[in-house]
Amino acid sequence: QVQLVESGGGLVQPGGSLRLSCAASGFTLDYYAIGWFRQAPGKEREGVSCITNREGSTEYADSVKGRFTISRDNAKNTVYLQMNSLKPEDTAVYYCAAETIVVITTCLGREAYDYWGQGTQVTVSS
């Protein structure tokens, strides 16, 4: 059974950093493309970053470029999202998602993924 569990969320001041983890069970993560998404209250779920399975290509939403970094640790079957220089507008529930075949041009689209975690809350506030 494919299962994804996010962790690492919390309350942080503006300008601070957090590292989110997406741990997989029931499947080998490096065979899957992984996307990070977020959903703020009253807003649509949006793609933040993604990494493809074969080439390990990465993509970022314009709003997080230069601040967020996605990475994969195949030995731990985990994908990370390092978030630096956090802003109040980054406040949201963050989700990771997995799918076997996702091309880089569409990997920020939520419709590309079938498997989702339960999410972790990130709050950026002073």
Side-chain angles (χ1 to χ4, degrees):
Q1 181 180 357
V2 173
Q3 187 173 9
L4 298 167
V5 178
E6 303 95 336
S7 62
L11 173 64
V12 63
Q13 292 186 342
S17 298
L18 283 174
R19 188 178 76 160
L20 304 184
S21 299
C22 173
S25 61
F27 68 103
T28 302
L29 202 57
D30 59 344
Y31 293 153
Y32 285 71
I34 301 296
W36 279 100
F37 294 79
R38 66 186 181 187
Q39 188 166 18
K43 293 190 176 181
E44 299 264 330
R45 190 172 298 188
E46 63 173 354
V48 174
S49 182
C50 53
I51 184 167
T52 60
N53 51 337
R54 294 182 179 180
E55 299 83 8
S57 299
T58 59
E59 186 62 87
Y60 297 91
D62 288 342
S63 58
V64 306
K65 279 182 181 176
R67 301 189 297 123
F68 290 12
T69 303
I70 191 170
S71 62
R72 182 197 296 270
D73 186 336
N74 292 336
K76 295 184 177 180
N77 219 29
T78 300
V79 171
Y80 302 100
L81 185 69
Q82 178 67 42
M83 306 188 297
N84 299 328
S85 303
L86 283 162
K87 305 175 181 179
E89 51 264 43
D90 294 319
T91 296
V93 178
Y94 283 71
Y95 300 88
C96 64
E99 189 53 70
T100 51
I101 300 175
V102 180
V103 297
I104 194 67
T105 52
T106 59
C107 73
L108 288 179
R110 59 186 180 182
E111 63 278 358
Y113 299 88
D114 282 334
Y115 305 105
W116 291 83
Q118 293 302 305
T120 184
Q121 176 70 46
V122 171
T123 302
V124 184
S125 175
S126 55

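Just so we're clear, the structure is a prediction, and the values are computed from it rather than from any experiment.
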Give the intermediate values and the outcome of side chain to side chain contact (heavy atoms under 4.5 Å, CB included) for residues Val79 and Ile70. CA-CA 7 Å; Val79 171; Ile70 191 170; 3.8 Å; yes
Can Cys107 and Tyr113 be said to form a side chain to side chain contact (heavy atoms under 4.5 Å, CB included), step by step? CA-CA 8 Å; Cys107 73; Tyr113 299 88; 3.6 Å; yes
Side-chain (Thr120) to main-chain (Ser7) donor-acceptor, under 3.5 angstrom: no
Hey, is the main chain of Leu29 close enough, under 3.5 Å, to the side chain of Asn77 for a donor-acceptor pair? yes
Would you kindly confirm whether [X] and [Y] end up in one hydrophobic cluster when ILVMFWY residues are joined by side chain heavy atoms under 4.5 Å apart?
X: Tyr60; Y: Met83; value: yes
X: Val48; Y: Tyr80; value: no
X: Val64; Y: Val12; value: yes
X: Leu20; Y: Val5; value: no
X: Tyr115; Y: Tyr31; value: yes

Please confirm whether Arg45 makes a cation-pi placement over Tyr95, using NZ or CZ under 6.0 Å from the six-membered ring centre and within 45° of the ring normal. yes
Straight-line distance of [X] [atom1] to [Y] [atom2], nearest 0.5 Å:
X: Asp114; Y: Thr100; atom1: CG; atom2: OG1; result: 8.0 Å
X: Lys43; Y: Glu89; atom1: NZ; atom2: CD; result: 8.5 Å
X: Phe37; Y: Cys50; atom1: CZ; atom2: SG; result: 7.0 Å
X: Gln82; Y: Phe68; atom1: CD; atom2: CZ; result: 9.5 Å
X: Asp30; Y: Asp73; atom1: CG; atom2: CG; result: 10.5 Å
X: Asn53; Y: Glu99; atom1: CG; atom2: CD; result: 9.5 Å

So do the side chains of [X] and [Y] get within less than 4.5 Å of each other, counting heavy atoms only?
X: Pro88; Y: Ser125; result: no
X: Leu4; Y: Phe27; result: yes
X: Thr91; Y: Val122; result: no
X: Val103; Y: Thr52; result: no
X: Trp36; Y: Glu6; result: yes

Regarding Asn84 and Ser17, is there a side-chain donor-to-acceptor distance under 3.5 Å anywhere? yes
Where do [X] and [Y] come nearest, in terms of heavy atoms and distance?
X: Asn74; Y: Arg72; answer: OD1-CD, 2.7 Å
X: Ala33; Y: Val102; answer: CB-CB, 3.7 Å
X: Arg38; Y: Ala92; answer: CB-CB, 3.8 Å
X: Ser49; Y: Leu81; answer: CB-CD1, 4.0 Å

Kindly check if the number of other-residue, nucleotide or ligand heavy atoms within 6.0 Å of CD (Gln121) is above 12? yes
Looking at Ile104, I'd like to know if its CD1 atom is crowded, meaning that more than 12 non-hydrogen atoms belonging to other residues, nucleotides or ligands lie closer than 6.0 Å. yes
Does a salt bridge link Asp62 with Lys65, judged by any charged N lying under 4.0 Å from a carboxylate O? yes
Please test Arg110 against Glu44 for salt bridge (charged side-chain N to carboxylate O under 4.0 Å, His left out), starting from the C-alpha separation and ending with a verdict. CA-CA 10 Å; Arg110 59 186 180 182; Glu44 299 264 330; 2.8 Å; yes
